[in-house]
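This report refers to the structure that appears directly beneath it.
Just so it is clear: chains get the letters A, B, ... in the order the sequence lines come, proteins before strands, and each one is counted from 1. Owing to the predicted nature of the structure, the values given are computational and were not obtained by experimental measurement.
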Amino acid sequence: MKSELLANLNSRQVLAVTHDSGPLLVIAGPGSGKTRVIVHRVAFLIEQQQIRPEEIMVVTFTNKASRELKERLKTLLGESVAERIISGTFHSIASKILRVNGDPIGIKNNFSIYDREDQIFVVRQACDFLGVDTKKFNPSIFLTKISNAKSKMIDPELLQTAAVSVFEKLVASVYLEYEKFLHDNQALDFDDLLLQACNLFEKVPQVLSNIQHRIKYLLVDEFQDTNLVQYKFAKQIAYESQNICVVGDPDQSIYSWRNADLKNILNFQKDFINCTVVKLVENYRSTSNILDASQALINKNNNRFDNDIETNNPEGAPIELYRADNEYDEANKIVEKIVKLRNDGFFYENFAVTYRVNAQSRAFEDAFIRKGIPYKLIGALKFYQRREIKDIIAYMRIIHNSNDDNSMLRVINVPPRGIGDRTIAALRSLANQKGSSLRNTLVDLDEEMIDIRKAGIKSLINFQRIVSGLIDNSFSQNNLTNLLDKLLSTTGYQEHIKGDIEHAEERWENIGELRSIVGQFDDLERDEALNRFLDQVALVTAEDDPSVEIKSAVTLITLHQTKGLEFPIVFIVGLEEGLLPHKRSLDSPEELEEERRLLYVGITRAISHLHLSWSTYRTIFGTTTRTIRSQFLENIPERLLHISNEHISHSEYPSFRNNSNLKLHQNELMDINVGDKVEHFKFGKGRVMKTILRPGDVELIVVFKVNGIKHLLSSVAKLKVLEEK
DNA sequence: GATGACGGTCTTTTT
DNA sequence: GACCGTCATC
């Protein structure tokens, strides 16, 4: 048995797998068999150490990683054993703990989980309440600050005390209101799931000690991406047993913007003083060309653990570097390569096109559709974030949690049923007076006490009837599918969607998809099914999108989401300054290093072929701009690259800011670029759309706000640059 | 209260 | 070039 478990493992992997008890830190480079180590370690504990499966907890970051882990455990241990192991994402595990044990700290088991959209809505309400102008202050900035505070375990009062500037004080007061709103709605946001779980451990030690006794071994994957709260959560669970194994790679830390803290790896070694450290340094995934490129790149980071990765794999093909004229050219070139490589025997599912921002997927989708190449788009349009899906879910939340005013407000007039702003305002103020939720206020609506016209009252009563009809559990509709069907008909939502002529079919199909998901819960009693369904819905993410279940297809995916994946052929596109590295990271060395790590993650996904590309022009927000190729390309040794189409012809060179070879009348010709805002003495303000090089001059095509499109010669027009792109 | 036109903003990355 | 919130009009 033992030999089978340890066969095909290298000596360091064996060390990690067979580590007996006590804390263990595994630093695992890309392609070094990280998941393999986790899976085999779990198997080792069960089969060799006689640990019961339910005494082992494995925590991952994404549902996908969790599912994959379960699959591999099933293969190794058999289904009945694998199923008993406790595994899930940080958020799902914390959520379960809170649903079962949250009551003593005021968390009812039917709490709603708010996603970003819900959160923005709450922030807006908090701003309204405080009289903060949301035009001046973007709600998402508050949300970022609030999330930052929460993941550092800072509560509103503490933030208030620490606040120095006016703005910081404002953030603190929005935070305070935000928390009140969440509480009144009986809702938690993502950060709360972990924060409140830790809070629960503190307030009700019995819950913690039960878990500590139950969980003998804890394993945490992607440890470099934990934030402070997550680390604390894990640390507490393992405090008693000291059997905590964390696996991660500092070079693949790409979530500091989500408050992941690399210091956790350092702190781990302090918090668990006698921890064993195992470094996995042999890469089994990539060709040596690809690995060499990745190592050369990551070595440019100053702030780095010394952790060089090696491979015994063959050299492989050179890395292709291609310069495109624009994003469509870039996409077409990649289509050509896919077609060619398919003729060489690769399948569509062997390809991944990876990029920095979701918006880049568009050009590829266009090209793929035109050429009939099947593709799956990961993450961009998330199924559970579509409007119709969120509306239906809001209805379900109302049924499930009578305090969820947010969901109530979302759909109280969707489809339109004559409940406008004034009616809603009146209802809310009445609810306020009564200190009750909107739904409960509606249940025994006091017609005398509400100050609106008759029609409004009638509409409200009508809505109340619809909702209570749905809540009523006594008829034949005792499963979720029945509930959904009844919901669609009695709320008029089905009709409502048909009214959206342009998207009717697509939206209806989405609801059909939701119906089949809901159907998976039909063997449960309705309210329990509702509870489970809503929990799942809140915690699933992009990769669980049911609309991307295409088997043989090219993958379109952001670099962030590629972590943990591998593909024989990887395209990394848009290697340009401002895009990769992203412009928001350019003024901070730390953030620039994180961008470099992001590219490192991308490169190390490739098994045999890596293609890099950049484009001299790129259209962002509808304006085309000249680009500069990414500084990261300079970090990759030329000997590893095969460069094509490097030369840039003059006709494609409308901008001259970056071309010192061209002799121009320096004083006459200012530095004007596509995208700049300019002012003309006669035409007024406008934006440069295009620049065309003419002998000794530059022709500018400018769209003026008032006077429309004009062709101007730079030497004559004497434009004033107001704002550079 | 519903509807449609307009103008401003947005794009990092996600549990 | 999409989406959202705001405003004018019905």
Side-chain angles (χ1 to χ4, degrees), chain A residues 59-66 88-95 113-117 119-121 124 128 133-136 138-141 143-144 147 150-151 188-195 222 225-227 229-230 253-260 354-362 378-382 384-385 387 412-425 452-453 455-456 459 499 537-545 557-563 574 578-586 591 594-595 597-599 601-602 618-624 705:
Chain A
V59 187
T60 59
F61 267 81
T62 64
N63 296 295
K64 187 173 183 178
S66 170
T89 64
F90 271 109
H91 292 90
S92 68
I93 289 174
S95 171
I113 300 173
Y114 280 4
D115 69 5
R116 194 182 159 80
E117 194 186 348
Q119 288 175 284
I120 293 276
F121 194 81
R124 279 188 184 282
D128 282 355
D133 185 0
T134 49
K135 274 186 211 144
K136 237 168 108 191
N138 188 334
S140 61
I141 294 172
L143 203 53
T144 306
S147 179
K150 284 193 178 185
S151 52
L188 301 178
D189 64 22
F190 287 127
D191 295 313
D192 282 336
L193 292 176
L194 283 135
L195 201 56
E222 306 282 12
D225 289 327
T226 47
N227 66 29
V229 187
Q230 289 163 335
S253 157
I254 53 175
Y255 284 104
S256 72
W257 52 273
R258 217 171 71 191
N259 303 306
T354 70
Y355 37 78
R356 181 63 177 85
V357 300
N358 278 309
Q360 284 173 265
S361 69
R362 189 183 200 92
I378 310 288
L381 280 167
K382 289 163 203 159
Y384 290 106
Q385 285 176 11
R387 195 179 356 147
I412 194 166
N413 200 33
V414 180
R417 53 172 73 87
I419 303 176
D421 290 346
R422 311 195 107 202
T423 310
I424 291 171
I452 41 164
R453 59 203 179 79
S459 303
V537 158
L539 297 170
V540 295
T541 48
E543 74 269 26
D544 305 299
D545 189 332
I557 191 169
T558 63
L559 284 161
H560 279 89
Q561 293 187 96
T562 62
K563 199 166 51 127
L579 194 55
L580 181 59
H582 195 270
K583 61 173 176 288
R584 301 259 281 243
S585 69
L586 290 175
E591 287 180 46
E594 179 149 317
E595 295 286 306
R597 289 195 294 270
L598 187 58
L599 178 57
V601 167
R618 187 164 296 278
T619 306
I620 299 167
F621 305 138
T623 34
T624 306
K705 273 215 162 123

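- Where E594(A) and D421(A) each meet DNA chain B at their nearest nucleotide, the meeting point lying more 5' is that of D421(A).
- dT13(B) has its base stacked against the ring of W257(A), the centroids being under 5.5 angstrom apart at an interplanar angle below 30°.
- Look at CG on D191(A): it is 11 Å from C1' on dT14(B), rounded to the nearest Å.
- Summarising the geometry, the separation between CD1 on I254(A) and P on dT14(B) is reported as 9 Å, rounded to the nearest angstrom.
- Distance CZ/F190(A) to CZ/R258(A): 9.5 Å, rounded to 0.5 Å.
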Any N/O pairs under 3.5 Å between the protein and nucleotides 2-5 of chain B? List them or say none.
from: dA2(B); atom 1: OP1; to: G418(A); atom 2: N; distance (Å): 3.1
from: dA2(B); atom 1: OP2; to: N413(A); atom 2: ND2; distance (Å): 3.0

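- Residue T423(A) is in sugar-phosphate contact alone, with no base atom involved, counting any heavy-atom pair closer than 4.0 Å across all strands shown.
- Rounding to whole angstrom units, NZ of residue K583(A) and C1' of dT13(B) are separated by 13 Å.
- Between R618(A) atom CZ and dT11(B) atom P the separation is 18 Å, expressed in whole Å.
- F90(A) comes within contact range of no nucleotide atom at all, as no heavy-atom separation falls under 4.0 Å.
- Among the heavy atoms of the strands, none lies under 4.0 Å from D115(A).
- Side-chain atoms of E595(A) come within 3.5 Å of backbone N or O of H582(A) as a donor-acceptor pair.
- Position along DNA chain B of the nearest nucleotide to I424(A) versus L598(A) favours I424(A) as the more 5'-ward residue.
- Rounded to a whole Å, the CZ atom of R116(A) is 12 Å from the P atom of dT14(B).
- Under the 4.5 Å side-chain criterion, counting only non-hydrogen atoms from C-beta, D191(A) is not in contact with V229(A).
- The distance between atom NE2 of H560(A) and atom C1' of dT11(B), rounded to the nearest whole Å, is 13 Å.
- Look at N358(A) and you'll find a side-chain N or O under 4.0 angstrom from OP1 or OP2 of dT13(B).
- OP1 or OP2 of dT14(B) lies within a sub-4.0 Å distance of a side-chain N or O belonging to Q561(A).
- Scanning for salt bridge (charged side-chain N to carboxylate O under 4.0 Å, His left out) contacts around D115(A) gives K390(A), with sequence neighbours left out.
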Exercise for the section: At under 4.0 Å between heavy atoms, which parts of nucleotides 1-9 of chain C does protein reach? Answer with one letter per nucleotide, 5' to 3': B base, S sugar-phosphate only, - none. Expected result: BS--S----

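- If you check dT11(B), dT15(B), dT13(B) against the side chain of F190(A), the one that comes closest is dT15(B).
- One interatomic measurement links the two molecules: CD1 of I141(A) to C1' of dT11(B), which rounds to 14 Å at whole-angstrom precision.
- Remark: C1' of dG1(B) and CD1 of I412(A) are 14 Å apart, rounded to the nearest angstrom.
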